[in-house]
There are 2 protein chains.
Amino acid sequence: MAAMTESELYDPARFPAFAVTVDLVVLTVRDSRLSALLIRRGEEPYAGRTALPGGFVRPAESLGQAARRELAEETGLADLPVHLEQLATYGTVDRDPRMRVVSVAYLALAPDLPAPTAGGDAADAHWVAVADVLPELFPAAQNRAEGHPPFAFDHARILADGVERARAKLEYTPLAAAFCPPEFTVGELRRVYEAVWGVTLDPRNFHRKVTGTPGYVRPAGGTTTRQGGRPAQLFTRGDVTLLNPPMLRPA
Amino acid sequence: MAAMTESELYDPARFPAFAVTVDLVVLTVRDSRLSALLIRRGEEPYAGRTALPGGFVRPAESLGQAARRELAEETGLADLPVHLEQLATYGTVDRDPRMRVVSVAYLALAPDLPAPTAGGDAADAHWVAVADVLPELFPAAQNRAEGHPPFAFDHARILADGVERARAKLEYTPLAAAFCPPEFTVGELRRVYEAVWGVTLDPRNFHRKVTGTPGYVRPAGGTTTRQGGRPAQLFTRGDVTLLNPPMLRPA
DNA sequence: ATCATATATCGTCCTACTGACGATAAATAG
DNA sequence: CTATTTATCGTCAGTAGGACGATATATGAT
């Protein structure tokens, strides 16, 4: 039995080839709303449907390299300080009607970009508020229950998985700062949590929590009045990778 | 540009095929030690090296189905009540010298099995204490620093990633019970945490924590004296999927 | 039988963290 | 000049968690 399994392993004819793609869940916070970078498909299958940016992995690049390349192509900006991590891999038999495709999804968290869709391939990419396309992820908001356009492939699930991953990571890592510019205020950081989690947080307790968690943020020296009201101190990202104690989502 | 990308997408000749495999990180707790199911490779490449069980994904099965099939083949026991979840996907260009292989790793958590390696393909599979092959994951133990056999491919990293996933999941999910038989004692559950995290926990505080977390465990009615000492109450798994409050690893 | 030992379980004390919320500071809008 | 907005500091009570004492009930040794 074991020998037969080994012979099967090494016989490429018995194990047909797969196409491998990367799909990107690129999230940002715009106007206090969690938003995703989405495209509209121009060709079959699923022509006209909303989809995640992505593409085939090339023979000479690793999965992570493919994800970074696609990200640079779709956002039109290379070498961005965006956080990129693998999300999950999707390999249902008939998720693509043309051939057997295994898709490795990546999650990217970006600050609100100055030129969101400037580049070439990014011509048809645009930011969409997640609450408008997946309202079930924001039960607190009054869901207008509008019929939003269906997604291509299993991209609705991938996007939902990416949002859930981001929500979980905000709890115990300092990744919320990845949604902010290099210098940010406590209020801006709080609005990130509120947008991603779909909740409202007490500004006073949040301020105490952030400034009291060692290594989360470091004073940058200046102040700003970007948001109106009393000027707020500017901070930069700290150096910890794990928040202790963690930020807890309200039950 | 966008049109050219689309034409690339649909031209199978320009995007060569990948082989797709699943690799399994199967963990259990035996004799109070975290152990993994490992095999010894019989053929090149990496003949003689230690490796994770796994194999090629078949054309008609999904990734999860392939993982369950391999698990059944390797453990020799089908329909086991083991927890199985996707871990991560590894796709470095030259991780396999024969061809371009993308491997989707799965994490399985099992109670100590009565017949660990009974089945056919499982002839050369055996349980190995993780601390013996990856001592750097257990800095608290006095590392005997023995040269352990090197792993095939990138399986050392995959195993390490699986252990780290398991460690994290014990904190905020009731998955520790997946290492226990259907009925277990608080002490047995504590030894799971101690084995996986590589720490010692205060039995009194642990008992208070577990019995005080709503939905984690439910009294089964009987008692047992499996471990010697005063008889302990038996419990079964509760119905929550998220522990609140979570079990916290000692800093 | 008695004692040593091992495990299980309950309780106490103290500190840290958190949620609810009052109060003050400093900008802008009218 | 006043209302409004955002930022920041404090207070207070309830909860959770680490350290650890005390007791209960089994097995194994003498």
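What you see below is based on every heavy atom in this structure, not just the backbone, and it leaves out hydrogens, waters and symmetry mates. Owing to the predicted nature of the structure, the values given are computational and were not obtained by experimental measurement. In what follows, every chain begins at residue 1, and chains take the letters A, B, ... in the order their sequences are listed.
- Under 3.5 Å, the side chain of A/Arg204 and the base of C/dG19 form no donor-acceptor pair of N or O atoms.
- Interatomic distance, A/Leu52 CG to A/Leu24 CG, rounded to the nearest 0.5 Å: 8.0 Å.
- Side chain of B/Arg208, nearest nucleotide from D/dA19, C/dC17, C/dG19: D/dA19.
- For B/His207, a side-chain nitrogen or oxygen approaches OP1 or OP2 of C/dT9 to under 4.0 Å.
- With rounding to whole Å, A/Leu201 atom CG is found 15 Å from C/dC21 atom P.
- Distance from the side chain of A/Arg230 is smallest for D/dA7 among the nucleotides D/dA24, D/dA26, D/dA7.
- The nearest heavy atom of DNA chain C to A/Leu248 and to B/Gln233 marks one nucleotide each, and the one closer to the 5' end goes with B/Gln233.
- B/Tyr106 does not carry B/Arg69 over the face of its six-membered ring by the limits of under 6.0 Å from the centre and within 45° of the normal.
- Between the CG atom of A/Asn205 and the P atom of D/dG14 there is a distance of 16 Å, rounded to whole Å.
- Of the two residues near DNA chain D, B/Pro245 and A/Gln227, the one whose nearest nucleotide lies more 5' is A/Gln227.
- Out of D/dC20, D/dA7, C/dT7, the shortest distance to the side chain of B/Asp202 is found at D/dC20.
- Put simply, CZ on A/Arg190 is 10 Å from P on D/dT8, counting in whole angstrom units.
- Distances were taken from every side-chain heavy atom of B/Ala232 (C-beta onward) to each of D/dT8, C/dA27, C/dA8; the shortest belongs to C/dA8.
- B/Arg226 comes within contact range of no nucleotide atom at all, as no heavy-atom separation falls under 4.0 Å.
- Atom P of nucleotide C/dA8 and atom CG of B/Leu189 are separated by 11 Å, given to the nearest angstrom.
- Aromatic ring centres of A/Phe206 and A/Tyr193 lie closer together than 6.0 Å.
- For the pair B/Phe184 CZ and C/dA8 C1', the computed distance is 16 Å after rounding to whole Å.
- Residue B/Arg191 is classed as a sugar-phosphate contact, given heavy-atom separations below 4.0 Å to backbone atoms only.
- For B/Gly228 and A/Gly187, each mapped to the nucleotide of DNA chain D holding its nearest heavy atom, the one lying further toward the 5' end belongs to A/Gly187.
- Contact annotation: B/Lys209 reaches the phosphate of D/dG17 (side-chain N/O to OP1 or OP2, under 4.0 Å).
- Following rounding to the nearest Å, A/Glu188 (CD) and D/dT5 (P) show an atom-to-atom distance of 19 Å.
- By the neighbour-count criterion of 12 heavy atoms within 6.0 Å, atom CZ of B/Arg157 is sparsely surrounded, having that number or fewer from other residues, nucleotides or ligands.
- Whole-Å rounding puts the A/Phe206 CZ to C/dA20 P distance at 16 Å.
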_Please evaluate residues A/Tyr90 and A/Asp23 with respect to the criterion side-chain hydrogen bond (donor to acceptor under 3.5 Å, both in side chains), reporting the C-alpha separation (whole Å), side-chain torsions for both, the decisive distance (0.1 Å), and the verdict._
CA-CA 10 Å; A/Tyr90 301 82; A/Asp23 286 321; over 6 Å; no
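- Here D/dT8 is the nucleotide among D/dA19, C/dA26, D/dT8 with the atom lying nearest to any side-chain atom of A/Pro203.
- The CG atom of A/Leu243 sits 11 Å away from the P atom of C/dT18 (whole-angstrom rounding).
- Taking each heavy atom of A/Glu188 and A/Arg226 in turn, the nearest pair found is OE2-NE, 2.6 Å.
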